[in-house]
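Model, not experiment: these values are computed from the prediction.
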Amino acid sequence: MGPQDAKASSFSSSPFSRPRLLFLAFLALGAICEASSVRARQARKPNVVLILTDDQDTQLGGMTPLKKTNALIAEMGMTFSNAYVPSALCCPSRASILTGKYPHNHHVVNNTLEGNCSSKSWQKIQEPYTFPAILKSVCGYQTFFAGKYLNEYGAEDAGGIGHVPPGWSFWYALEKNSKYYNYTLSVNGKPRRHGGNYSVDYLTDVLANMSLDFLEYKSNFEPFFMMIATPAPHSPWVAAPQYKKNFANISAPRNSNFNIHGKDKHWLIRQAKTPMTNSSIQFLDDAFRKRWQTLLSVDDLIEKLLKRLEFHGELDNTYIFYTSDNGFHTGQFSLPIDKRQLYEFDIKVPLLVRGPGVKPNQTNKMLVANIDLGPTILDIAGYDLNKTQMDGMSLLPLLRGDANVTWRSDVLVEYQGEGHNSTDPTCPALGPGVTHCFPDCVCEDAYNNTYACVRTLSSSWDLQYCEFDDREVFVEVYNLTADPHQITNIAKTIDQEILEKMNYRLMMLQSCSGTTCRTPGVFDHGYKFNPHLMFSNHGIQTRRLFTRSL
């Protein structure tokens, strides 16, 4: 064996042989890359995740099944105990989230194309200016959407599922309304059909898996925004197989406004049959249980998502928002099941937030609305909110616990009723204009179920003032301090000066836009009341809630 061979032999028998050296070199390189990646994440803008459920109430125990979500988000951050939607219906409410605007400014008034839900007009006028579009084009965020978008998304008359709204890097949107099986997704504009096999098709789990895949393959050098919009707990309430026997002994809450007559409320509530039939009660109890069952899969999604964020070292730099598009009722004022009414059970929703600088186990009582989500997320991304036309306010000062924050004392709630021009053949006595009628002719909606409300919350008042756009110009007023279940309408007994001020404030909010939606409310110190404006042409024009042609 020559000298060269001896040298080779000696090298190969050394613990620092070439393969070992290469392995250590790769380890060192990997450590450098990981350290660099960690530094990049630390220097990056915060990530944001928004989880949006469908029809989840907060007044009737809607958060009760979500043990993991409460532990992982609520207990680790802030719960907003007074969070409202500006319209208690899916499409208008989702449009408010995306645009940061009240319905009278984004013009989505119901769940139909004619009501501007995912219409060509919406796509042209509003979609380019949603907060995800700004996040992607201006703030440098990679953006991910999975789940239900707007109820008419995918309609052929609005471009079909080939339409991908501006602002989304990754797009996995459900065609039309909530389903759990047998649906079509738009995967970046291409159709993907799903069937009825639980292991590969159950939509809540599919959304969870898509979200986890995004976290695996996204860029590590850009911040990200994820919006995950689950079908639960919307009908048809199909639970995952492992959860179909849960809550077998649970019934809808029998609180003080359950199965009673709304004797001093507007006519649509007064028409409800009281007491309800046994079949209606059985139906709503069954719906209540099934709604809770579907939420257990959402709870699993939250747990998987947060574990994966933690695994990738992203959790501490990520804000996580959890909310719903509207509430829901099951038997209140003898209305079997639905939303779209003005009462707390339909307009109040859960809102939980955790993230950088948010202290754990906090409850915030400020009056907030889903129009605040867009401004908040843009504020987190460092965007100048003065450049937007959004009606909402950034929640970031509240989340950080800033001192001396000036906040609103009222929000607007507005809804344009739906109804058929013809009489419902099963309920001829009610005449034309009603819709969503049950077999015993209890109808959940009508054309003149069109109303606007000021929801006021201040140190001295917890009040709701509502006007209907009907022949009666019906008014409902509730003092929620004394009457939290809104049983007694005090419109005829409350001080006339308060009524006048609330009427004036309602007109101002119905015509507001941008910064004018954030002016002082009736019970703010800076509020100014000019009764002469109530009788001006401007005031008369704003009494009409919406125009029916868009």
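- Side chain to side chain, Trp122 and Glu127 meet the donor-acceptor criterion of an N or O pair below 3.5 Å.
- The environment of Arg471 atom CZ is sparse: at most 12 non-hydrogen atoms of other residues, nucleotides or ligands sit within 6.0 angstrom.
- The aromatic rings of Trp292 and Phe288 sit tilted, their planes meeting at an angle between 30° and 60°.
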Notebook entry, point to check: Stepwise, does the side chain to side chain contact (heavy atoms under 4.5 Å, CB included) test hold for Asp470 with Tyr447?
Noted result: CA-CA 9 Å; Asp470 58 16; Tyr447 272 135; over 6 Å; no
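- Looking at Pro350 and Gln56, their side chains come closer than 4.5 Å, going by heavy atoms from C-beta outward.
- Counting only distance, with no hydrogens or angles, the side chain of Ser96 and the backbone of Pro92 share a donor-acceptor pair below 3.5 Å.
- Residues satisfying the side chain to side chain contact (heavy atoms under 4.5 Å, CB included) criterion with Thr493, sequence neighbours excluded, are Ile490.
- No side-chain donor from either of Asn448 and Asp469 sits under 3.5 Å from a side-chain acceptor of the other.
- Two residues are said to be in side-chain contact when any heavy atoms from C-beta on lie closer than 4.5 Å; Tyr322 and Met63 meet this criterion.
- For Phe145 and Tyr149, the distance between ring centers is under 6.0 angstrom.
- Judged by distance alone, the side chain of Glu467 and the main-chain N or O of Val475 form no donor-acceptor pair under 3.5 Å.
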Next item on the list: Go through the steps for Thr58 and Phe80 under the test side chain to side chain contact (heavy atoms under 4.5 Å, CB included), then give the verdict.
Entry: CA-CA 11 Å; Thr58 186; Phe80 287 90; over 6 Å; no
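- Contact check for Tyr504 versus Phe529: side-chain heavy atoms found under the 4.5 Å cut-off.
- Tyr465 and Tyr478 have their aromatic ring centers separated by at least 6.0 angstrom.
- Using a 4.5 Å cut-off on side-chain heavy atoms (C-beta onward), Gln271 and Cys443 make contact.
- When all heavy atoms of Thr53 and Ala232 are compared, the closest pair comes out as CB-O, 3.4 Å.
- Here the side chain of Asp57 pairs a donor or acceptor atom with the backbone of Gly62 at under 3.5 angstrom.
- Sorted by first then second residue, the salt bridge (Lys or Arg N to Asp or Glu O under 4.0 Å) pairs that include residues 89-105, not counting sequence neighbours, are Asp54-Arg94, Arg94-Asp325.
- Nearest heavy-atom pair, Asn257 versus His485, reported as atom, atom and distance to 0.1 Å: ND2-O, 3.1 Å.
- For Gln464 (side chain) and Leu342 (main-chain N/O), a donor-acceptor pair under 3.5 Å exists by modelled atom type.
- The closest side-chain heavy-atom distance from Ile380 to Ser394 is not below 4.5 Å.
- Across all their heavy atoms, Pro65 and Leu296 have their closest contact at O-CD2, 3.6 Å.
- A heavy-atom distance below 4.5 Å is found between the side chains of Leu396 and Tyr319.
- Cation-pi contact between Lys265 and Phe333: present, with separation from the ring centre below 6.0 Å and deviation from the ring axis of at most 45°.
- Enclosure of atom CG in Asp264 by more than 12 non-hydrogen atoms of other residues, nucleotides or ligands within 6.0 angstrom is indicated.
- Few gaps surround CZ on Phe523; more than 12 heavy atoms of other groups in view lie less than 6.0 Å from it.
- For the 3.5 Å distance criterion, the side chains of His104 and Glu414 qualify, holding a donor opposite an acceptor.
- Looking only at distances, no side-chain donor or acceptor of Asp372 sits under 3.5 Å from a matching main-chain atom of Leu395.
- Not a single donor-acceptor pair under 3.5 Å links the side chain of Arg270 to the backbone N or O of Lys263.
- Of the candidates Gln332, Gln341, Gln59, His329, Asp346 forms a side chain to side chain donor-acceptor pair (under 3.5 Å) with just one, namely His329.
- Of the possible polar contacts, none joining the Asp300 side chain to the Leu295 backbone as a donor-acceptor pair under 3.5 Å is found.
- The two residues Met276 and Ser280 come nearest to each other via the heavy atoms CB-CB, 4.3 Å.
- Judged by distance alone, the side chain of Thr330 and the main-chain N or O of Ile337 form no donor-acceptor pair under 3.5 Å.
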Checklist line | Verdict with reasoning, Ile134 to Leu378, per side chain to side chain contact (heavy atoms under 4.5 Å, CB included) | finding: CA-CA 8 Å; Ile134 298 171; Leu378 289 178; 3.7 Å; yes
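- His107 and Ser121 share no donor-acceptor pair across their side chains, judged by distance under 3.5 Å alone.
- In this structure, Asp524 has no salt bridge (charged side-chain N to carboxylate O under 4.0 Å, His left out) partners at least two apart in sequence or on a different chain.
- Between Val353 and Ile320 there is no side-chain heavy-atom pair separated by less than 4.5 Å.
- With Gln486 contributing its side chain and Glu344 its backbone, the two residues share a donor-acceptor pair below 3.5 Å.
- Figure legend: Arg340 and Tyr451 shown without cation-pi pairing, the cationic atom not lying both under 6.0 angstrom from the six-membered ring centre and within 45 degrees of its axis.
- Using bins of under 30°, 30° to 60° and over 60° for the plane-to-plane angle, the ring pair Tyr343/Phe345 lands in the tilted bin.
- In this model, a donor atom of one side chain and an acceptor atom of the other lie less than 3.5 Å apart for Thr69 and Asp299.
- With 3.5 Å as the limit, one finds no donor-acceptor pair spanning the side chains of Asp483 and Asn479.
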Enumerate, atom names and distances included, each donor-acceptor pair closer than 3.5 Å involving a side-chain atom of residues 360-370, sequence neighbours excluded.
from	atom 1	to	atom 2	distance (Å)
Gln362	NE2	Lys359	O	2.9
Asn364	OD1	Met366	N	2.8
Asn370	ND2	Ser93	O	3.4
Asn370	ND2	Ser93	OG	2.8

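- Donor-acceptor pairing under 3.5 Å is lacking for the side chains of Thr99 and His106.
- For Ala272, the side chain to side chain contact (heavy atoms under 4.5 Å, CB included) partners are Ser334, Leu335, Val442, not counting sequence neighbours.
- Residues Pro231 and Leu207 approach most closely at CD-CD1, 4.1 Å, considering heavy atoms.
- For Lys290 (side chain) and Asp285 (main-chain N/O), no donor-acceptor pair under 3.5 Å exists by modelled atom type.
- Legend: residues meeting ring-ring contact (aromatic ring centres under 6.0 Å, His included) with His266, ordered by chain and number and at least two apart, are Phe468.
- Checking Arg518, Arg455, Arg505 one by one against Asp410, the salt bridge (Lys or Arg N to Asp or Glu O under 4.0 Å) holds for a single residue, Arg505.
- Between Leu89 and Glu418 there is a side-chain heavy-atom pair separated by less than 4.5 Å.
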Margin query: For Gln389 and Thr515: C-alpha separation, side-chain torsions, deciding distance, then whether side chain to side chain contact (heavy atoms under 4.5 Å, CB included) applies.
Written below: CA-CA 8 Å; Gln389 297 297 315; Thr515 56; over 6 Å; no
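- The one candidate from Val49, Ile97, Val48 that meets the side-chain contact (heavy atoms from CB on, under 4.5 Å) condition with Phe321 is Val48.
- Checked against Phe131 for a ring pair (Phe, Tyr, Trp, His ring centres under 6.0 Å), the options Phe225, Tyr383, Tyr141 give a single hit: Phe225.
- The only member of Thr112, Val108, Leu150, Asn151 that meets side-chain contact (heavy atoms from CB on, under 4.5 Å) when paired with Ser118 is Leu150.
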